Enquirer: 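Dropping a structure here in structure tokens format, bear with me for questions.
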Amino acid sequence: MLLISCPNCGSRDETEFHYGGQAHVPYPENPNDMNDREWAEFLFYRDNTKGTFAERWLHSTGCRQWFNMLRDTVTYDIQAVYPMGTPRPDVSVPAAAESGTASTAADSTTTGSAAPSTSATSISATSTASSTTAPEGATK
Amino acid sequence: MANTAALEGINGLRDIRRSPASHLTAALETGSVQGTVVLKEGPFQTMAGVRVDPRSEQGSRIAAVAGGLPARCGEVSGTDSVSVLWLAPSEFLVVAPEEAHDSLGGDLIGSLTAALGDAPGQVVDLSANRTTFELSGPRARAVLEKGCALDLHPRSFTPGTALTTEVGNIPVILLKTGDESFRLFPRASFADFLGRWLLDAMREYASPEVP
Amino acid sequence: MSADLLPEHPDFLWRNPEPKSSYDAVIVGGGGHGLATAYFLAKNHGMTNIAVLEKGWLAGGNMARNTTIIRSNYLWDESAAIYEHALKLWEILPEELEYDFLFSQRGVMNLAHTLGDVRESIRRVGANKLNGVDAEWLEPDQVKELCPILNISDNIRYPVMGATYQPRAGIAKHDHVAWAFARKCDELGVDIIQNCEVTGFLKDGDRVVGVKTNRGTINTEKVGLCAAGHSSVLAEMAGFRLPIQSHPLQALVSELHEPVHPTVVMSNHVHVYVSQAHKGELVMGAGVDSYNGYGQRGSFHVIENQMAAAVELFPIFARAHVLRTWGGIVDTTLDASPIVGTTPVENMFVNCGWGTGGFKATPAAGLTFAHTIATGAPHKLNKPFALERFETGALIDEHGAAAVAH
């Protein structure tokens with residue numbers, strides 16, 4: 001069971017989330033000019049990294065917002081949580097220790113700083129007001 | 001857009017309206033353990049789903065009608081009769097007593113719709129979308145903890161806080177209404193399952209405690 | 001149904017040779033598929049100067065972690081052909097390999113719980129029959145007759161509305177299958193080299209000419225990749241991509257019980273598949289974790305959901321205890337069908353993407369992959385499963401028959 005820090009809601013169990021696959025896969029700029037090989041790459045080929053992997057997650061039974069996450073696919077350590085549409089952060093940013101329990105820490109749910117501790121470039125509650133659910137962010 | 005004429009037209013159906021867990025009324029009563037943990041289905045509520053950027057002008061107009069918009073996860077704003085629950089940074093659930101509905105002489109949906117105007121966002125009448133369960137008593141937290149992974153300890157989850165989460169694998173909004181009382185908002189189609197799940201979770205408290 | 005039926009064998013079934021400096025072909029991955037490929041290369045194509053490289057120990061990956069179910073009731077012609085060929089090979093292999101790995105054709109039932117399931121299942125039975133695969137549709141009372149411990153009452157969330165049944169399907173002892181292949185490979189002169197991890201490939205232009213390992217460089221004319229969940233890692237070393245994603249898939253066993261479960265029961269809808277192994281433990285497969293993972297472990301809630309469904313379908317299991325759980329890494333494709341064929345690298349071939357179907361396909365995967373490696377062109381059975389199908393669009397969507405949603 002992963003404990004995932006939603007940028008809006010704080011730490012929640014993995015069961016509240018849906019996995020969205022590899023992040024930073026842009027929609028083709030010139031779809032009409034693409035050959036079958038390039039379409040195959042876009043439709044069916046995704047990185048299958050062993051190690052640190054940038055991926056999309058949706059907090060489906062929480063705030064229903066998408067976000068990006070850097071996670072190690074071997075140790076399952078979550079190294080960073082960052083907003084859709086922003087570039088992959090440098091993983092040398094040390095990740096703060098996880099609390100290790102499935103709690104909604106008081107500071108992430110009831111007080112000012114909604115930013116989860118593992119967030120490398122976290123989203124504050126107000127700065128995401130214009131973020132959308134899947135489609136726009138999904139192409140970033 | 002609320003169509004007041006249409007709402008008045010269906011108003012005659014109010015008397016035969018049945019709540020999603022009404023078939024469980026007797027079971028909820030017998031399953032409740034007075035003084036320990038009590039479960040009831042709450043009365044109908046008027047509910048409106050609002051999507052709006054809270055920092056925008058239309059956000060301010062809606063906040064004025066609703067009695068403020070909560071700024072972050074967990075927060076609940078509103079007035080004496082209207083609660084506004086935070087669902088996401090730009091999504092809120094406005095909850096008010098049934099009489100606030102436009103079809104019953106109120107003006108909640110209409111006034112929210114008017115406040116949004118033509119600006120980006122949405123106001124949707126969701127009054128039939130969810131029902132409410134009211135769970136209370138010294139064991140209420142213990143019952144919820146059987147199927148909810150959140151930290152429900154009072155130091156973390158305080159009265160007047162609402163969180164969107166899962167209880168018994170069912171997506172719900174969980175509102176803490178008092179030190180020992182909670183309101184759960186499941187979608188109507190999950191009411192039967194969640195009601196029975198809660199009854200099952202409450203069952204042990206009907207027996208004497210084994211020291 | 002007892003351990004004393006297992007064949008006696010010497011302490012060592014194969015040599016533990018040092019790697020030679022060159023081979024005619026190198027198979028990367030010493031699991032079921034790698035061993036079967038080596039066996040058929042030696043037996044059918046006379047290629048005996050070959051090596052199987054295994055980074056850990058023989059058959060210690062998914063071959064040690066699967067639920068040993070063997071069936072061929074897949075929907076599409078291409079899948080039915082290759083899985084049915086595998087089933088026919090399973091039927092003769094104990095004799096051919098001179099090793100009784102307890103292939104038990106006790107039948108496999110796939111339950112239907114909704115009207116949609118029923119329609120899809122009956123369609124599949126029809127398709128199977130047209131492809132010469134034994135298949136029947138069972139009504140709930142027939143289901144109960146075959147497997148009396150199943151709860152077929154209406155009073156559950158997803159009642160049993162019927163099932164497809166393949167009588168020739170069944171289970172086998174997975175580790176014995178690996179040993180049977182390994183022993184024969186060894187007899188035929190194949191070098192099985194354990195603790196030998198591939199760290200890179202030697203290439204001459206677009207052609208592979210050797211393999212770098214932690215035990216030295218090995219020159220070879222041909223390379224076959226049989227690395228399941230780690231296929232992407234190897235492909236990256238070789239300079240090409242594969243359209244697969246690796247996910248954790250879990251399984252578990254109970255403690256030993258008297259024989260209570262006579263067949264194999266699978267339910268895609270509520271997500272249970274259960275058989276009772278020869279020794280008596282209940283073997284159950286749980287679901288895949290949604291996220292990519294190489295950790296050989298999965299999330300607890302997946303097991304919890306699986307157990308909830310299992311107890312509803314088999315109330316008798318409520319008193320059983322979970323003895324062990326584990327996870328493997330399954331390599332999934334977007335059409336839930338495997339990739340067996342050539343790669344963009346000349347003389348390098350790939351066998352991967354079997355997802356949850358790998359064990360049951362072992363003999364046919366080995367046979368067709370060996371043919372592909374030996375001749376440089378696919379066997380007619382694996383031709384449709386080429387990497388190129390993701391460009392041509394000729395996908396083989398087996399999500400309905402693949403058991404675990406992936």
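Just so you know, these numbers come straight off a predicted model, no measurement behind them. Order of the sequence lines sets the chain letters (A, B, ...), proteins ahead of strands, with each chain counted from 1.
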Enquirer: Take a 6.0 Å sphere around CH2 of C:Trp57 and say whether it holds more than 12 heavy atoms from other residues, nucleotides or ligands.
Expert: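 It does not: C:Trp57 CH2 has 12 such atoms or fewer within range.
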Enquirer: List the steps and the verdict of salt bridge (charged side-chain N to carboxylate O under 4.0 Å, His left out) for C:Glu236 and A:Lys50.
Expert: CA-CA 11 Å; C:Glu236 199 185 333; A:Lys50 186 178 183 184; over 6 Å; no
Enquirer: In Å, rounded to the nearest 0.5 Å, how long is the span from CG of C:Leu242 to CZ of A:Arg46?
Expert: 14.5 Å
Enquirer: Of all of A:Glu41, A:Arg37, A:Glu38, which one pairs up most often with chain C through heavy atoms under 4.5 Å apart?
Expert: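 Going by pairs under 4.5 Å, I would pick A:Arg37.
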Enquirer: Using non-hydrogen atoms and a 4.5 Å limit, figure out which bit of A:Asn35 sits close to chain C: side chain, backbone, both or neither.
Expert: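 The answer is neither part of A:Asn35.
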Enquirer: Let's go through A:Glu14 and C:Asp289 carefully: what are the C-alpha distance in whole Å and the side-chain angles of both, what is the deciding distance for side chain to side chain contact (heavy atoms under 4.5 Å, CB included) to 0.1 Å, and is it a yes or a no?
Expert: CA-CA 10 Å; A:Glu14 174 193 334; C:Asp289 284 78; 3.6 Å; yes
Enquirer: Select one option (side chain, backbone, both, neither) describing which atoms of C:Phe300 are under 4.5 Å from chain A's heavy atoms.
Expert: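 Only the backbone of C:Phe300 comes within 4.5 Å of chain A.
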Enquirer: When rounded to the nearest 0.5 angstrom, what is the spacing between CD in C:Glu304 and OG1 in A:Thr15?
Expert: 9.0 Å
Enquirer: Using the rule given for side chain to side chain contact (heavy atoms under 4.5 Å, CB included), can you reason through C:Arg297 versus A:Tyr76, listing the C-alpha separation, both sets of side-chain angles and the distance that settles it, and then say yes or no?
Expert: CA-CA 10 Å; C:Arg297 64 182 189 280; A:Tyr76 302 165; 3.7 Å; yes
Enquirer: Rounded to the nearest 0.5 Å, what's the gap from NE2 on C:His301 to CE on A:Met1? Could you check?
Expert: 5.5 Å
Enquirer: Just wondering, are more than 12 heavy atoms of other shown residues or ligands nearer than 6.0 Å to CG in C:Asn195?
Expert: yes
Enquirer: What part of C:Leu395 lies closer than 4.5 angstrom to a heavy atom of chain A: side chain, backbone, both or neither?
Expert: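 The side chain, not the backbone.
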Enquirer: What closest approach, in Å, do A:Thr73 and C:Asn292 show between heavy atoms, and which atom pair accounts for it?
Expert: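 Distance-wise, the nearest heavy atoms are CG2-O, 4.0 Å.
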Enquirer: If every non-hydrogen atom of A:Leu2 is compared with every non-hydrogen atom of C:Ser299, which pair is closest and at what distance?
Expert: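 What the structure gives for the nearest pair is N-OG, 4.5 Å.
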Enquirer: Hey, can you tell me if C:Tyr291 and A:Tyr19 have their rings parallel, tilted or perpendicular (30° and 60° cut-offs)?
Expert: perpendicular
Enquirer: Please report the interatomic distance CG(A:Asp36) to OG1(C:Thr392), rounded to the nearest 0.5 Å.
Expert: 8.5 Å
Enquirer: Is it the side chain or the backbone of A:Phe44 that comes within 4.5 Å of chain C heavy atoms, both, or neither?
Expert: both
Enquirer: Check each atom of C:Asp331 against the heavy atoms of chain A and say whether the ones under 4.5 Å are side chain, backbone, both or neither.
Expert: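 The answer is neither part of C:Asp331.
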Enquirer: Please report the closest heavy-atom contact between A:Asp47 and C:Gln245, naming both atoms and the distance.
Expert: O-NE2, 3.0 Å
